[in-house]
There are 2 protein chains.
Amino acid sequence: MNIGEVAAKSGLPAKTIRYYEDIGLIQPERHDNGYRVFRQTQLHKLMFVARARSLGFSIDDCRILLALYEDDSRASAQVKALAQDHLTQIDAKIAGLRAMRDTLADLVDACHGDSRPDCPILKDLAAAHDG
Amino acid sequence: MNIGEVAAKSGLPAKTIRYYEDIGLIQPERHDNGYRVFRQTQLHKLMFVARARSLGFSIDDCRILLALYEDDSRASAQVKALAQDHLTQIDAKIAGLRAMRDTLADLVDACHGDSRPDCPILKDLAAAHDG
DNA sequence: ATAGGCCTTCCAGTCGCTGGAAGCTCAAGC
DNA sequence: GCTTGAGCTTCCAGCGACTGGAAGGCCTAT
């Protein structure tokens, strides 16, 4: 398979696949003409990474997950610990965003949104905030 | 005020304040010795930006918000529209993260996390996923 | 022979900082 | 007056994960 076909099958842009090769996530072979050759296992890896990325895992996490996936003697506890850690980080991010969201929603609600300059949103931004 | 004092008062790292000058967010004057001089208005601007950033507004949004803040003839509708737009984006981000979180939580729950290699998390990553 | 679509590499840019190096200035202590 | 150390300056590089674009080679069909 050439990169275009793998891109179509994995849903990843060709650019991203080349980038993944650059950083050593995958190692496709080469045709005599310089074109990358992808075998089924490479495509499989790419799809694995694509899925992991869609769950928010970092590239470095993906590296580890791939290694664990290919290690028959892994302990599922290793995988779970990584995933649990990631889950905790996502939860923290959600909590942060929710706090933002709530404050912002209050401000938006309080703002008349008319032609007058008076605006609670700007007032909040201009007021001193501790922490 | 020198940059250190302003950093302490605004809670922003000195590096960040210099960066904000670089990109034209603020324009402090200079002492004869080259040191930046910050007046009260500059500090006020920095605190405004810090607050806006803490609510997730981009630097470009901050630029617009600052301009609106300084424009006595603004319409609050302009501010509200910007904030509403931002709020929508935050909501989208939260929704995305929640979807991730839920999938991930299910997988973590399903994984025994023991010394055996069998792992539903890796199984999910390795399976074909549409969309 | 030519057109176009695919592939290649390389460089630069995104966003919002952050770290570090090299060097100047200033205030305090001896 | 000299030293020390903190604080200031500039500039360059790097983070993460791509993404865009230019310049050029290759392949297939007409």
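Every value quoted in this text rests on a predicted model; they were computed, and no experiment measured them. To find a chain, count down the sequence lines: A is the first, B the second, and so on, and within it residues start at 1.
For C:dC26, the OP1/OP2 oxygens have a side-chain nitrogen or oxygen of B:Asn33 closer than 4.0 Å. Phosphate proximity of D:dG7 to B:Arg36: absent, as no side-chain N or O sits under 4.0 Å from OP1 or OP2. Taking side-chain N and O atoms only, A:Tyr20 has a distance below 4.0 Å to OP1 or OP2 of D:dC18.
Looking at heavy-atom distances under 4.0 Å, A:Ile23 makes no contact with the nucleic acid at all. Among the atoms of the strands shown, only primed sugar atoms or phosphate atoms (P, OP1, OP2) are found under 4.0 Å from some heavy atom of B:Arg53.
Salt bridge annotation for A:Lys80-B:Asp114: absent, with no cationic side-chain nitrogen under 4.0 angstrom from a carboxylate oxygen.
When rounded to the nearest whole Å, the span between NE2 of A:His31 and P of D:dT28 equals 10 Å. Note: CG (A:Asp61) to P (D:dG16) measures 12 Å, nearest angstrom. If you take CD1 of B:Ile3 and P of D:dT9, they are 5 Å apart, rounded to a whole angstrom. Going from atom CG of B:Asn2 over to atom P of C:dC26 covers 10 Å, rounded to whole Å. Atom pair B:Phe38:CZ and D:dG7:C1' shows a separation of 13 Å (rounding to whole Å applied). Taking atom CZ on B:Arg18 and atom C1' on D:dA13, their separation rounds to 17 Å, with Å as the unit. Between B:Leu25 atom CG and C:dG16 atom C1' the separation is 11 Å, expressed in whole Å. Look at CD on B:Glu21: it is 16 Å from C1' on C:dC17, rounded to the nearest Å.
Side-chain atoms of B:Leu46 and B:Thr16, non-hydrogen and from C-beta on, never get closer than 4.5 Å to each other.
A donor-acceptor pair is defined here as one N or O able to donate and one able to accept, closer than 3.5 Å; no such pair exists between the side chain of A:Arg116 and the backbone of B:Ser76.
Closest contact between the side chain of B:Thr16 and the listed nucleotides D:dT19, D:dT10, C:dT18 involves C:dT18. For B:Tyr19, whose side chain is taken as the heavy atoms from C-beta onward, the closest listed nucleotide among D:dT10, C:dT18, D:dA17 is C:dT18.
For a distance-only test at 3.5 Å, the side chain of B:Lys15 qualifies as a donor-acceptor partner of the base of C:dG20. Contact of A:Tyr35 with D:dG25 (side chain to base): a donor-acceptor pair of N or O atoms is detected under 3.5 Å.
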